[in-house]
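For reference, the structure discussed in these notes is given below.
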Amino acid sequence: MPNNGAAAGAGRPKVALDNIRKSYGDHVVLDDVTLHVQQGEVISIIGPSGAGKSTFLRCTNLLEMPDAGRIRVGDHEIDTSQRIGDKQLERLRRTTGMVFQSFNLFPHKTALENVSLGQRRVLGRSKEEADERSRQLIDRVGLSDKYDAYPGRLSGGQQQRIAIARALAMDPEVMLFDEPTSALDPEVGLEVLAVMQELAESGMTMMVVTHEIEFARNVGDRLIVMADGGILEEGDPTEVITNPKKERTQKFLRAVVHR
């Protein structure tokens, strides 16, 4: 069930993306896109390939630098029309944890070492503190028997769960997921989706670019449909999926729900 702890429209948004624009040469990827996310809200973002979904997500923590717009996560705000200093950029990025399609684990380090490394380098935790936190998070994603396993000995789903633990270890205010199950077999992907559902139920603020319509319906608080560089439609997931208002949304959902 959706996370009822999120009260859409109540109070100051946890994430505010205002008038985000992004182009590559003459190709407009994002055209003046605005989205506000409340504390504890789970936003699912769907849409056809080339809609700008992943670019929009990556603009949230400035892995992609917008051409224009304002971004705020928690208390950290950036106006992209102004010069952005390295410390300002680092502070914003530390508010978010990101999980990608590819797992990006260090192959020569164990699961425990992969989760601990960022804590020691960025947060300044001691090895003992970092390892203790890492064990807690690896336990949380259901892999307590894999502390000493190297990525090559883990399945794709296990690697992705370690990647989630690694992102959580940095104590983010918001979690960003970019198609986290797209590289996994459906059965293995369910393991990852179960971890994401547990995070949602715990009150984590989340933005999820996904092709998993049932996850969007059952876990998300709000569904965003993107197409042609903008937000085409948004609202309650079940309502948008079963009763889309825009013809473009109807066409896209017919293709993905009934395939």
Side-chain angles (χ1 to χ4, degrees), residues 6 8-101 167 172-180 182 204-211 216 220-237 240 244-246 248-249 252:
R12 187 175 189 237
K14 186 68 170 180
V15 180
L17 301 162
D18 291 302
N19 308 112
I20 303 299
R21 299 179 186 176
K22 178 67 177 178
S23 298
Y24 297 107
D26 295 331
H27 176 54
V28 178
V29 181
L30 298 171
D31 187 10
D32 203 29
V33 183
T34 292
L35 177 67
H36 291 178
V37 182
Q38 297 295 329
Q39 170 74 43
E41 192 175 16
V42 178
I43 301 291
S44 301
I45 305 173
I46 65 172
S49 297
K53 308 182 297 296
S54 292
T55 300
F56 187 52
L57 195 72
R58 292 165 67 92
C59 284
T60 304
N61 61 359
L62 297 182
L63 287 180
E64 293 279 359
M65 186 63 65
D67 301 324
R70 298 178 70 93
I71 298 164
R72 183 177 56 75
V73 181
D75 295 326
H76 300 286
E77 185 167 353
I78 284 179
D79 182 345
T80 60
S81 67
Q82 307 293 321
R83 183 183 178 278
I84 302 170
D86 291 343
K87 288 187 178 179
Q88 190 181 15
L89 184 61
E90 180 185 343
R91 284 195 296 269
L92 180 81
R93 286 183 176 161
R94 281 179 59 174
T95 64
T96 64
M98 190 154 189
V99 178
F100 302 88
Q101 296 178 27
E173 298 181 43
V174 178
M175 284 288 287
L176 309 175
F177 293 87
D178 187 8
E179 295 274 15
S182 65
M204 175 64 73
T205 307
M206 296 165 57
M207 296 172 63
V208 184
V209 172
T210 184
H211 62 280
D221 295 294
R222 187 157 36 122
L223 181 62
I224 306 296
V225 183
M226 291 189 69
D228 305 320
I231 293 176
L232 184 66
E233 197 162 344
E234 66 177 294
D236 174 79
V240 172
K245 295 178 174 58
K246 301 288 182 65
R248 183 75 175 86
T249 310
F252 170 73

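Here the rule is side-chain contact (heavy atoms from CB on, under 4.5 Å) with Met175, and of Val99, Thr96, Val42 only Val99 fits it.
At a threshold of 4.5 Å between non-hydrogen side-chain atoms, the residues Met207 and Leu35 count as touching. Taking the side chain as every heavy atom from C-beta outward, Thr55 and Tyr24 approach each other to under 4.5 Å. The shortest distance between side-chain heavy atoms of Pro13 and Glu41 does not fall below 4.5 Å. Counting only heavy atoms from C-beta outward, the side chains of Ile231 and Val33 approach each other to under 4.5 Å. Put simply, the side chain of Thr80 does not reach to within 4.5 Å of the side chain of Asp67, judged on heavy atoms. Contact annotation: the side chain of Ile20 approaches that of Ile71 to within less than 4.5 Å [non-hydrogen atoms, C-beta and beyond]. Taking the side chain as every heavy atom from C-beta outward, Pro66 and Leu30 never approach each other to under 4.5 Å.
The two residues Pro237 and Gly220 come nearest to each other via the heavy atoms CG-O, 3.4 Å. Nearest heavy-atom pair, Pro172 versus Ala167, reported as atom, atom and distance to 0.1 Å: CD-O, 3.4 Å.
Atom CZ in Phe177 sits 12.5 Å away from atom CD1 in Ile45 (nearest 0.5 Å). Rounding to the nearest 0.5 Å gives a distance of 12.5 Å between CZ of Arg91 and CD of Glu77. Interatomic distance, CG of Asp221 versus CD1 of Ile43, reported as 7.0 Å (0.5 Å rounding). The line from CD of Glu179 to OG1 of Thr210 is 5.5 Å long, rounded to the nearest 0.5 Å. For the atom pair CG (Leu176) and CG (Asn61), the distance works out to 5.5 Å, reported to the nearest 0.5 Å. We find the CZ-CG distance between Arg70 and Leu17 to be 12.5 Å, quoted to the nearest 0.5 Å.
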From CA spacing to verdict: side chain to side chain contact (heavy atoms under 4.5 Å, CB included), His36, Asp18: CA-CA 8 Å; His36 291 178; Asp18 291 302; 2.7 Å; yes
Go through Met65 and Ile84 one step at a time and tell me if the side chain to side chain contact (heavy atoms under 4.5 Å, CB included) criterion holds. CA-CA 10 Å; Met65 186 63 65; Ile84 302 170; 3.7 Å; yes
Checking side chain to side chain contact (heavy atoms under 4.5 Å, CB included) for the pair Thr60/Met98: CA distance, chi angles, key distance, verdict? CA-CA 10 Å; Thr60 304; Met98 190 154 189; over 6 Å; no
Decide yes or no on side chain to side chain contact (heavy atoms under 4.5 Å, CB included) for Phe252 and Leu232, but give the supporting numbers first. CA-CA 11 Å; Phe252 170 73; Leu232 184 66; over 6 Å; no
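Pairs of residues two or more places apart, or lying in two chains, that qualify as salt bridge (Lys or Arg N to Asp or Glu O under 4.0 Å) and include a residue from residues 224-235 are Arg222-Glu234. The list of salt bridge (Lys or Arg N to Asp or Glu O under 4.0 Å) pairs with a residue in residues 46-58, not counting sequence neighbours, reads Arg58-Glu64.
For the pair Thr34 (side chain) and Asn19 (backbone), a donor-acceptor distance under 3.5 Å is present.
Asp75 meets the salt bridge (charged side-chain N to carboxylate O under 4.0 Å, His left out) test with Arg12; sequence neighbours excluded. Residues meeting the side-chain hydrogen bond (donor to acceptor under 3.5 Å, both in side chains) test with Ser23, sequence neighbours left out: none. Applying the salt bridge (charged side-chain N to carboxylate O under 4.0 Å, His left out) criterion to Asp32, with sequence neighbours excluded, gives Arg21. Scanning for salt bridge (charged side-chain N to carboxylate O under 4.0 Å, His left out) contacts around Glu173 gives Lys14, with sequence neighbours left out.
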